[in-house]
Amino acid sequence: AILAQAIWAFVTCLSANNLVQPWSSATDCCTKMAVVSVQSISRELMLACRQLGSAISEALASLVVSTIVDSNNGGFYAERPIDEAGAHVVVEEAARRILSREDVSIACLRLQASYESAFAELEKVQQDQRSAAKEAEGNAVNWISGFTARFDQDFDSLMALYKKIYHFLMLRCTSHTGVALPPSNVNIEREVAAALESVFPRVGLRAFVALTDHERAAQLQELAGIVLGIRLFNQHQKKGGVGLPEVAGEKGEQLRFSSLLESVQKEVDELNDICKGFVDVILAATKEQLASGRASWNKLPSEAETERARSDLLYHRQYLCYLLNLQEDITGGAERLQNDQKKLAEEFIDLDALIGGRVSVPKEQVYPRFDALARSYRAAWREIQALEARGKLHNMLRSLREQYFPSLPASGQEMLTTLPSRDGILMLEGDDQEDPVDLDAIPDPSSDPDGLAGHPVRLTMENSDRFLQLPLDFQGFCVHTLATRRLLVPGNPALGVVRYAGRYCVFAAERSCAEFCAEPDRYFGGIREVCYKHPELIHLLRIHEDFPKASLNTIITETVANQVPMQVDAGTETPLHFQESNIEKGYEWNEWKLRRDALHMADIKKKSTSATQTASSHLRREGQTQVYLPKEAATNTSVSRGTNPPRLRRYMVGMRGEPQPMRVTEIKFDL
């Protein structure tokens with residue numbers, strides 16, 4: 001009640017702010033209504049939560065605002081224009097959901113918003129670095145490609161071109177990804193200059209200028225690879241390569257990410273067991289399972305505990321999906337990094353054998369080796385950056401797990417210890433034993449090869465060549481179980497994949513598959529109703545196209561794109577009429593005035609002046625002045641007077657001691 005009063009008081013205060021914008025309907029321009037955007041409501045929600053002592057991110061605020069259900073039509077408020085009254089309702093309901101401890105789905109929404117925001121931030125940082133380096137390199141390449149000498153022996157222009165090529169190499173060959181500004185290290189500058197002079201001496205500038213624009217750009221890219229390969233080989237021989245991070249060696253051993261992969265694998269196994277336990281307990285606690293006599297317990301979870309377990313299962317499923325994504329990325333990245341490191345070591349061995357202690361080596365043999373060495377180095381570091389980003393995401397998940405990680409209630413854990421060694425999917429499949437279902441009765445792809453007939457089609461390994469490459473919708477979870485029991489369990493592709501309305505669905509049991517094929521639209525409608533009640537399923541099942549206004553991907557994209565630097569309004573005062581500094585102030589256009597001034601100057605030069613120093617002359621060296629001292633003056637000040645008003649104090653009587661009604665007493669003090 002206190003939380004509701006605080007939220008209502010804050011929302012009432014927000015009503016005084018003119019935050020709405022006038023909006024004219026496309027059908028009736030005369031009818032105007034105040035429409036508030038989702039971004040404005042999200043900012044108000046962030047302000048409300050901050051005032052109530054709970055700071056939230058912009059992504060979470062936008063996600064919660066976009067998933068508030070309108071009780072009048074059963075859909076989200078964000079799917080229609082929101083007026084001022086609706087905005088106040090949305091802010092109040094969203095703040096109540098975020099600050100309430102009873103709403104379990106908000107934890108899953110917070111997990112989704114935090115992970116996707118962190119992922120987008122890491123991608124944006126890397127993209128900004130690459131864009132800045134690419135822009136600087138592009139400017140240099142464009143200048144070099146568009147260079148034209150004024151004449152054949154234009155030595156100064158050719159030297160400027162050579163300096164620009166050196167500047168391009170300083171941008172490209174001093175880091176594994178390129179930099180926007182060249183480093184100011186003398187050793188790096190000397191090493192790059194020596195490599196440039198060795199690969200591309202100044203005498204080759206005339207032949208380089210004769211190339212076309214595209215040929216120059218290609219030559220620059222090849223030159224950058226060769227120079228970077230030379231620096232890497234110098235680093236391998238401990239003779240240079242300053243500023244280039246190493247891939248192999250001690251740091252390469254640390255970058256194998258084996259410990260990270262083991263940690264993720266351990267969590268994946270733990271989450272799989274937890275999800276199976278939740279499914280077993282929820283299914284065993286239902287009336288259907290109890291009536292069949294498969295198990296009997298002294299104490300069963302209550303309906304509230306069962307509903308909370310269903311919501312907690314969604315949280316664990318989302319956490320497990322993120323872990324599986326990280327596991328896949330880390331496994332693939334580690335394998336590619338190991339291959340790149342192997343190629344890098346082989347290139348170093350070949351270069352050692354090719355160069356050895358020779359003074360000169362044919363460039364036709366060594367330059368391709370240097371270029372291949374540079375490509376392997378860049379590829380290895382791209383994988384390292386990707387693996388480091390996945391490590392940061394895993395650390396973020398671990399921090400979120402420390403804040404909230406639900407578990408089964410005590411009655412559910414006791415029930416789990418007495419359950420037979422069967423997971424929830426096997427318990428669902430047990431329903432088919434009573435009344436077997438013939439899945440072969442479902443039409444195969446031969447009846448609808450193009451998918452335009454409008455009825456479900458069952459795809460199997462025997463009748464579909466692309467069965468293993470089929471993209472499973474709803475993240476591979478059983479649609480029937482989610483729509484009927486609000487239980488999220490993975491489907492079994494061995495039973496076949498059902499294609500309907502452009503979606504590929506799998507099911508946990510044969511009966512579920514048969515019932516879905518009988519009425520597919522009803523179950524799709526049931527999925528939509530469940531998503532309205534539990535909006536975290538929209539992102540978990542990857543059905544953003546069905547809820548475009550509540551899509552987390554769109555919200556994250558807009559949130560990251562709107563993060564622009566803060567700006568302030570500034571102004572300068574400019575004169576009405578500009579005066580240039582080259583104006584001659586003594587210029588005179590009137591010839592008669594010039595003639596008059598000339599005659600006056602000639603007349604003055606014919607005359608002579610004389611001066612005499614006298615006692616009363618003002619030009620004498622010793623002068624006297626008379627100073628009048630200020631007069632003495634005084635004033636009388638007025639008498640200071642004041643008042644002493646009485647002071648009123650208000651006290652509450654009856655709050656302590658014997659029970660008695662509380663009253664307010666006012667006491668007057670005359671001081």
Is there side-chain contact between [X] and [Y], with heavy atoms separated by less than 4.5 Å?
| X | Y | result |
| --- | --- | --- |
| Leu323 | Tyr319 | yes |
| Pro406 | Val104 | no |
| Asn325 | Leu393 | no |
| Leu314 | His534 | yes |
| Val479 | Asp473 | no |
| Gln39 | Ser62 | no |
| Val279 | Lys276 | no |
| Gln318 | Cys321 | yes |

Out of curiosity, [X] [atom1] to [Y] [atom2], how far, rounded to the nearest 0.5 Å?
| X | Y | atom1 | atom2 | result |
| --- | --- | --- | --- | --- |
| Gln129 | Ser175 | CD | OG | 9.0 Å |
| Leu540 | Leu552 | CG | CG | 11.5 Å |
| Arg485 | Cys478 | CZ | SG | 9.5 Å |
| Leu495 | Arg458 | CG | CZ | 7.5 Å |
| Asp371 | Leu228 | CG | CG | 9.5 Å |
| Leu537 | Ile543 | CG | CD1 | 7.0 Å |

Decide, yes or no, whether a salt bridge links [X] with [Y] under the criterion of side-chain N to carboxylate O below 4.0 Å.
| X | Y | result |
| --- | --- | --- |
| Asp340 | Arg375 | no |
| Glu270 | Arg401 | yes |
| Arg110 | Glu116 | no |
| Lys124 | Asp128 | yes |

Given the rule in the side-chain hydrogen bond (donor to acceptor under 3.5 Å, both in side chains) test, do Asp103 and Ser105 qualify, once you have shown the distances and angles that lead to the verdict?
CA-CA 6 Å; Asp103 195 346; Ser105 63; 2.8 Å; yes
Would you check if the side chain of [X] reaches a backbone N or O of [Y] as a donor-acceptor pair within less than 3.5 Å?
| X | Y | result |
| --- | --- | --- |
| Ser263 | Ser259 | no |
| Ser131 | Gln127 | yes |
| Gln112 | Glu536 | yes |
| Asn463 | Leu459 | no |
| Arg542 | His539 | yes |
| Ser66 | Leu63 | no |
| Arg317 | Leu488 | yes |
| Gln413 | Leu408 | yes |
| Arg97 | Ile68 | no |
| Arg231 | Val242 | yes |

So, for [X] and [Y], which heavy atoms are closest and what is the spacing to 0.1 Å?
| X | Y | answer |
| --- | --- | --- |
| Glu137 | Gly178 | OE2-CA, 3.9 Å |
| Gly391 | Leu260 | CA-CD2, 3.7 Å |
| Ala180 | Ala136 | O-CB, 3.6 Å |
| Pro456 | Val498 | CB-CG1, 3.8 Å |
| Ala508 | Val489 | CB-CG2, 4.0 Å |
| Val506 | Gly496 | CG1-O, 4.2 Å |

What residues form a salt bridge (charged side-chain N to carboxylate O under 4.0 Å, His left out) with [X], not counting sequence neighbours?
| X | answer |
| --- | --- |
| Arg486 | Glu307 |
| Arg130 | none |
| Arg378 | none |

Worked verdict on Cys517 versus Tyr523 for side-chain contact (heavy atoms from CB on, under 4.5 Å):
CA-CA 10 Å; Cys517 293; Tyr523 290 99; over 6 Å; no
Could you walk me through whether Phe119 and Ile556 pass the side-chain contact (heavy atoms from CB on, under 4.5 Å) check?
CA-CA 10 Å; Phe119 186 86; Ile556 295 297; over 6 Å; no
Applying side-chain hydrogen bond (donor to acceptor under 3.5 Å, both in side chains), run through Asp269 and Gln265 and close with a yes or a no.
CA-CA 6 Å; Asp269 297 338; Gln265 181 63 43; 3.0 Å; yes
Cation-pi check for Phe547 against Arg528: NZ or CZ below 6.0 Å from the six-membered ring centre and within 45 degrees of the axis, yes or no?
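Yes.
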Please lay out, stage by stage, how Gln221 and Arg172 fare under the test side-chain hydrogen bond (donor to acceptor under 3.5 Å, both in side chains).
CA-CA 9 Å; Gln221 300 299 330; Arg172 188 71 184 275; 2.5 Å; yes
Between Arg336 and Arg382, is a side-chain contact (heavy atoms from CB on, under 4.5 Å) present by the stated rule, with each step listed?
CA-CA 10 Å; Arg336 291 188 294 269; Arg382 282 195 295 267; over 6 Å; no
More than 12 heavy atoms of other residues, nucleotides or ligands under 6.0 Å from CG of Leu470: is that the case?
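Yes.
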Below 6.0 angstrom between ring centroids: does that apply to [X] and [Y]?
| X | Y | value |
| --- | --- | --- |
| Tyr532 | Phe76 | yes |
| Tyr315 | Tyr404 | yes |
| Phe405 | His316 | yes |
| His480 | Phe507 | no |

Report the C-alpha distance between Asp546 and Arg503 in whole Å, list the side-chain angles of each, state the deciding distance to 0.1 Å, and finish with yes or no for salt bridge (charged side-chain N to carboxylate O under 4.0 Å, His left out).
CA-CA 12 Å; Asp546 296 332; Arg503 297 183 182 271; 2.7 Å; yes
Look at the rings of Phe516 and Tyr500 and say which category their plane angle falls in: under 30° parallel, 30 to 60° tilted, over 60° perpendicular.
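Taking Tyr500 first and then Phe516, their aromatic rings stand perpendicular (interplane angle over 60°).
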Which word best sums up how the rings of Tyr367 and Phe370 line up, parallel for under 30°, tilted for 30 to 60°, or perpendicular for over 60°?
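Tyr367 and Phe370: tilted rings.
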